[in-house]
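I have placed the structure first, in the form of structure tokens, so that the comments after it can refer back to it.
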Amino acid sequence: MNAIQGIKKGLTQGDSSIEIARKIFLSYQSYAFDGKEDIEFEIKNAIKKYLKIPFVSIQIAGSAKSGFSFFGQTLFTEGKSDLDVSIISLELYNRFLEISHAETNGFTNLSAFPLHKGKQTNTQFINNMRKGYINPFFMPDYQEKREWLDFFRQLSNNYYKIFKNINAGIYSSEYFFEYKQSECIEKLVVINSE
């Protein structure tokens, strides 16, 4: 059963968006790695070694997992779509949050946050943080962030034939990961009802 069928079945059965997200994003096989399971292992294993985290903390999200983009309403296309990696680790989340807190003097000095499309990224960072999520791209500019971006840039270069980019975010818990993915399910329901 693919992700779309799984979502429809869950909705028909009256499952909550959280249960559907858990089923699709934590149980189903990743669409992009169908027949490429060794490549999935290579990528996850490289991330595990670099971040020194448990292998099971690394999950696939986005169109690489489901086969389609919930937001762009486009299908996953090999070589053109991104690989979105979700790392579920309270320890890693806290480490990056503590560094961000220290670098910004308790979020009182926002000058360390970079500009993205002409706007400082502090608002996006804080909004994500409220949802138990950190996207290092939006973090203050410091050594650990640069090393993170360099690592994922190199990983992207190694697998450019399959993915346009490989990006990763950090979730403080499985709850927040499921919550974020359930927002995608709910968005899909709204789009299909219009």
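All values below were derived from every heavy atom in this structure, side-chain atoms included, with hydrogens, water molecules and symmetry-related copies excluded.
Here the straight-line distance linking atom CG of N2 with atom CG of D34 works out to 11.0 Å at 0.5 Å rounding. Atom CG of D82 sits about 7.5 Å away from atom OG of S63, to the nearest 0.5 Å. Put simply, CG on L75 and OG on S81 are 8.5 Å apart, with the number rounded to the nearest 0.5 Å. The CD1 atom of I60 lies 12.0 Å from the OG atom of S66; values are rounded to the nearest 0.5 Å. In this structure, OH on Y93 lies 11.0 Å from OH on Y133, to the nearest 0.5 angstrom. Distance check, rounded to the nearest 0.5 Å: CG of N158 to CD1 of I166 gives 8.0 Å.
Taking the six-membered ring where the residue is Trp, F152 and W148 present tilted rings, their angle falling between 30° and 60°.
Under a hydrophobic-cluster definition in which Ile, Leu, Val, Met, Phe, Trp and Tyr are linked whenever side-chain heavy atoms come within less than 4.5 Å, directly or via other members, L97 and Y175 are assigned to different clusters. Cluster membership check: F176 shares its hydrophobic cluster with I88, using side-chain heavy-atom separations under 4.5 Å among Ile, Leu, Val, Met, Phe, Trp and Tyr. One hydrophobic cluster, built from ILVMFWY side chains closer than 4.5 Å, cannot hold both F55 and V85; they sit in different ones. Connection of I99 to I53 is established within a shared hydrophobic cluster, with ILVMFWY side chains joined at heavy-atom distances below 4.5 Å, either directly or through further cluster members. The same ILVMFWY cluster, assembled from side-chain heavy atoms under 4.5 Å apart, contains both I39 and I58.
In this structure, the side-chain contact (heavy atoms from CB on, under 4.5 Å) partners of S100, at least two apart in sequence or on a different chain, are F107, F125, M139, P140, Y142.
The shortest distance between side-chain heavy atoms of F25 and K180 does not fall below 4.5 Å. For the pair S173/L90, no side-chain contact is recorded, criterion being any heavy-atom separation below 4.5 Å from C-beta on. The closest side-chain heavy-atom distance from L155 to I47 is below 4.5 Å.
Under the 3.5 Å distance criterion, the side-chain polar atoms of Q13 are left unmatched by any main-chain donor or acceptor of G10. A donor-acceptor pair under 3.5 Å links the side-chain atoms of Q120 to the main chain of L110, judged by distance alone. With hydrogens and angles disregarded, a donor-acceptor distance shorter than 3.5 Å links the side chain of N109 to the backbone of S111. Between the side chain of T121 and the backbone N or O of P114 there is at least one donor-acceptor pair closer than 3.5 Å. Remark: the backbone N or O of Y28 is paired with a side-chain donor or acceptor of K65 at under 3.5 angstrom.
Between Q59 and Y171, the side chains place no donor N or O within less than 3.5 Å of an acceptor N or O (distance only, hydrogens not considered). Checked by atom type, the side-chain pair Q154/D150 shows no donor-acceptor distance below 3.5 Å.
Summarising the local packing, NZ of K164 is surrounded by 12 or fewer heavy atoms from other residues, nucleotides or ligands at distances under 6.0 Å. More than 12 non-hydrogen atoms from other residues, nucleotides or ligands lie less than 6.0 angstrom from CZ of F76. Summarising the local packing, OH of Y160 is surrounded by 12 or fewer heavy atoms from other residues, nucleotides or ligands at distances under 6.0 Å. Shown here is E91, whose CD atom has no more than 12 heavy atoms of other residues, nucleotides or ligands within 6.0 Å.
Pairing each heavy atom of A46 with each of F151, the nearest pair is O-CZ, 3.6 Å. In plain terms, the two heavy atoms of E178 and A21 that are nearest each other are O-CB, 3.8 Å. Scanning all heavy atoms of the two residues, the minimum distance from E40 to S30 falls at OE2-OG, 3.6 Å. Of all non-hydrogen atoms in S89 and I170, the two that sit nearest each other are O-CG2, 4.0 Å.
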Item to check | Criterion side-chain contact (heavy atoms from CB on, under 4.5 Å) on E174 and L26, from CA distance to verdict | outcome: CA-CA 9 Å; E174 188 175 288; L26 293 175; 3.8 Å; yes
Checklist entry - Between I134 and L92, does a side-chain contact (heavy atoms from CB on, under 4.5 Å) hold up when you go through it step by step? => result CA-CA 10 Å; I134 291 177; L92 190 63; over 6 Å; no
Item to check | Trace of the side-chain contact (heavy atoms from CB on, under 4.5 Å) decision for E183 with K131 | outcome: CA-CA 11 Å; E183 289 179 336; K131 297 177 180 179; 3.8 Å; yes
Item to check | Derivation and outcome, salt bridge (Lys or Arg N to Asp or Glu O under 4.0 Å), residues E103 and K145 | outcome: CA-CA 12 Å; E103 291 292 321; K145 173 187 174 176; over 6 Å; no
Checklist entry - Yes or no on side-chain contact (heavy atoms from CB on, under 4.5 Å) for F138 and M129, after CA distance, side-chain angles and deciding distance? => result CA-CA 11 Å; F138 296 115; M129 188 178 64; over 6 Å; no
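Of the candidates I126, N122, N128, N128 is the only one forming a side-chain contact (heavy atoms from CB on, under 4.5 Å) with Q124.
Taking the six-membered ring for Trp, F33 and F163 have ring centres closer than 6.0 Å.
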